[in-house]
Asks: 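Below are the structure tokens for one structure; questions will follow.
For the single chain, residues carry numbers from 1 onward in sequence order. Since the model is a prediction, treat every value here as computed from it, not as a measurement.
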Amino acid sequence: TEGQVLARVQKLKDRIAEASPVRESEVVNQLVRLHDEVKVGDPLLTVETLPSHDQEKVVSPMDGVVTKLAEVGTIVGRDDDPLAAVVESGESGQTDGNVIDITADKNGRVHVLVEEGDSVDPYQPIVQVTGIKTFHKNVTSAMTGTVVERQEDLTNGTPIEQQLSDTAIVKIGVSQKLEAGPFEAAVDAPEGAIFQAWCVKKGDYVKKGDSIAGISVPVVTERHVRRLDGRRLAVVDQEIPAPKNGYVKQMGHLVPGQKISDQQIGPTIATIDIGPPWWLTLLGFLLALCCMMCCLFKIMQKQPPPSIIEEDGPLKPLRKRFEDGQRGGVKLVFQYPDPNVEGRFQEPKHIVWAQFKPLGFKHDNKAPIVAIANVPHKHFTINSYCKDALGVKLGMHLVEIDGDDVTALQGEEDWGTLETKVSEKMRHLPQWPLEVEFRKELDGPPFVVTFVKKTIGIEFKQKAPVQIEKVDEDSPAKAKGISNGWYITKIG
């Protein structure tokens, strides 16, 4: 009836592709068999062009299954020659949403003029509507494409409203448009070009000017004409060159021998990945080089010595810092001996409380403990705790340790007893620190640093002025920030 939808034309992806050589050729070898699965670009046949007898390969235009293959000896490539091969994807077409309904403008009977899978052009009749006696109208295709679906079981001469299960009688599809992305170059075909064969495969590297595809371009001429779209045109074979250096990234699904504009939207048949521009690559290289140089500089940079650990408050001798402390520790009593009476000692007593060890006396393994002038083996040591902090003088004898009288211990035979008693009483006390004065320059300001461990980790020559030649790694001196070349100006 008038207004009834007779057909629906819809853009779909290609499902069937035909492959044939560009020129008249003879099939000399089959490289695949019927129903073999092939990929786009796979060789299908070897043909020999006539009359030059050059051998060429006929390749698959798409991924799919070989459904038709010319026999050896078959002449192919001319207009009336059979197809060399047909490849079918085996996948149903997918719509891209572009649908046009074709409706009848008069009452009548429908006659379907195409089969599913047929290729159609604009204005080609696909459905015919007739009255009882009079021809009314041919329903024509609204776009270029391939018939991918049609209504089945329609009877010629039967009113269409009694047969249609859906208002769409026929669906026609075309390939989707190729577009070049970032860092890609488009390979465009001229208007009206007929696709013949690919000269490359996806992933191939090409240089500017290399052939991407072979095409035929219709031109107006008076000789050797063929009829195309109702016009008298000749066909000139050409090759489409690569516009840039790069890798072939996208390729359209094109069937040899058909117009490119009938198979896809837009002129772009392939894209080439040209990569980022040279200046961007150079910039990345320079950035990486700068990062490497910064890392190398950081690794090779000499670590600055740790800062001098300053003492709390203004620097002053240790004896001053401990005189004012709270009394505690081990009680020691020192006295001068009476020169007139042996075994007797003069008053007053010098009473102190030891808070560090050792006492700081030299000895010859003989009791008592005393420092005697002009006797090297009976004298105060360097940095002597008793001399510097407790105020013990030359000639004073240790007569009492924490309440125990030791005046009776005399001579070499009692030295072991005296040494044991002193060690047991002072075992729990901390080490008396060594105070050393350093200067970076001889006329520079002093830095007074205290050490607790006996080995402080510095080496120097025994000559004046005393200058540090080496500071051991992981030593107390290194931890305090002492450096090579400094001068030692005072010890204790």
Asks: Using a 4.5 Å cut-off on heavy atoms from C-beta on, say whether the side chain of V76 contacts that of V58.
Replies: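 No, too far: nothing below the 4.5 Å cut-off.
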Asks: Answer whether the closest heavy-atom distance between the side chains of L31 and L44 falls below 4.5 Å.
Replies: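 Result no, sub-4.5 Å side-chain heavy-atom pair not found.
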Asks: Measure from the side-chain N and O atoms of Q467 to the backbone N and O of G485, and report whether any donor-acceptor pair falls under 3.5 Å.
Replies: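 It does hold such a pair.
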Asks: With heavy-atom distances below 4.5 Å as the criterion, would you say the side chains of W486 and I458 are in contact?
Replies: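 Not touching, per the 4.5 Å side-chain cut-off.
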Asks: With a 4.5 Å heavy-atom cut-off, do V65 and E88 have their side chains touching?
Replies: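 They are not in contact (no side-chain heavy atoms under 4.5 Å apart), so the answer is no.
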Asks: So which pairs with a foot in residues 457-473 pass salt bridge (charged side-chain N to carboxylate O under 4.0 Å, His left out), sequence neighbours left out?
Replies: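 Non-adjacent pairs meeting salt bridge (charged side-chain N to carboxylate O under 4.0 Å, His left out): K461-E469, E473-K478.
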Asks: N383 side chain to I491 main-chain N or O, any donor-acceptor pair under 3.5 Å?
Replies: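 It does not hold such a pair.
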Asks: Indicate the atoms forming the closest heavy-atom contact of A270 with L178, along with that distance.
Replies: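 Answer, listing the atom of A270 first, then L178: N-CD1, 3.9 Å.
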Asks: Closer than 3.5 angstrom, by distance alone: can the side chain of R439 be matched with the main-chain N or O of G444 as a donor-acceptor pair?
Replies: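 Such a contact is found between R439 side chain and G444 backbone.
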Asks: Restricting to non-hydrogen atoms, name the atom on P241 and the atom on G209 that form the minimum distance, rounded to 0.1 Å.
Replies: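 The answer is CB-O, 3.8 Å.
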Asks: Whether the side chain of Y487 engages the backbone of D443 through a donor-acceptor N/O pair (distance < 3.5 Å, no angle test) should be reported.
Replies: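 No, Y487 side chain to D443 backbone: no donor-acceptor pair under 3.5 Å.
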Asks: Roughly how far, to the nearest 0.5 Å, is the CZ atom of F451 from the CD atom of Q431?
Replies: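 Atom-to-atom, Q431:CD and F451:CZ are 14.0 Å apart.
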Asks: Search all heavy atoms of P243 against all heavy atoms of I272 and return the closest pair with its distance.
Replies: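 What the structure gives for the nearest pair is CD-CD1, 3.8 Å.
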Asks: Using the side chain to side chain contact (heavy atoms under 4.5 Å, CB included) criterion, which residues pair with T455? Sequence neighbours excluded.
Replies: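 So T455 forms no side chain to side chain contact (heavy atoms under 4.5 Å, CB included) with any residue.
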Asks: Hey, can you pull the donor-acceptor pairs under 3.5 Å for the side chains in residues 32-39, sequence neighbours left out?
Replies:
from	atom 1	to	atom 2	distance (Å)
D36	OD2	R33	N	2.8

Asks: For I382, does the CD1 atom sit with more than 12 other heavy atoms under 6.0 Å from it, leaving out its own atoms?
Replies: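 Count not over threshold, so no.
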Asks: Tell me the salt bridge (charged side-chain N to carboxylate O under 4.0 Å, His left out) pairs involving residues 17-31, sequence neighbours left out?
Replies: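 Sorted result for residues 17-31: R23-E56, E24-R78.
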Asks: Got a second to check how far I75's CD1 is from S25's OG, nearest 0.5 Å?
Replies: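 OG of S25 is found 8.0 Å from CD1 of I75.
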Asks: Run the side chain to side chain contact (heavy atoms under 4.5 Å, CB included) test against L280 and tell me which residues pass, sequence neighbours left out.
Replies: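 If we apply the side chain to side chain contact (heavy atoms under 4.5 Å, CB included) test to L280, skipping adjacent residues, the hits are F183, P276, P277.
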Asks: Would you please name every residue forming a side chain to side chain contact (heavy atoms under 4.5 Å, CB included) with E71, sequence neighbours left out?
Replies: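 For E71, the residues satisfying side chain to side chain contact (heavy atoms under 4.5 Å, CB included) (neighbours in sequence not counted) are Q30, T74.
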Asks: Under the side chain to side chain contact (heavy atoms under 4.5 Å, CB included) test, which residues partner D54, sequence neighbours left out?
Replies: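 Residues passing side chain to side chain contact (heavy atoms under 4.5 Å, CB included) with D54: T49, S52.
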Asks: Mind jotting down which residue pairs meet the side chain to side chain donor-acceptor pair (under 3.5 Å) criterion with at least one end in residues 239-248? Sequence neighbours excluded, please.
Replies: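 The answer is S211-E239.
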Asks: Which residues satisfy the salt bridge (Lys or Arg N to Asp or Glu O under 4.0 Å) test with K249, sequence neighbours excluded?
Replies: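 Scan of K249 (salt bridge (Lys or Arg N to Asp or Glu O under 4.0 Å), adjacent residues dropped) gives E184.
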Asks: If we only count heavy atoms from C-beta on, is the I456 to V449 side-chain gap below 4.5 Å?
Replies: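 I456 does not reach V449 side chain to side chain.
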Asks: Are the side chains of P61 and V255 in touch, meaning some heavy atoms are under 4.5 Å apart?
Replies: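 They are not in contact (no side-chain heavy atoms under 4.5 Å apart), so the answer is no.
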Asks: Using side chain to side chain donor-acceptor pair (under 3.5 Å) as the criterion, list what pairs up with E48, not counting sequence neighbours.
Replies: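 Side chain to side chain donor-acceptor pair (under 3.5 Å) list for E48, sorted by chain: H53.
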Asks: Taking distance alone, no hydrogens or angles, what donor-acceptor pairs closer than 3.5 Å link side-chain atoms of residues 188-208 to residues at least two apart or in another chain?
Replies:
from	atom 1	to	atom 2	distance (Å)
D188	OD1	T268	OG1	2.7
Q196	NE2	S216	OG	2.8
D204	OD2	K201	N	2.8

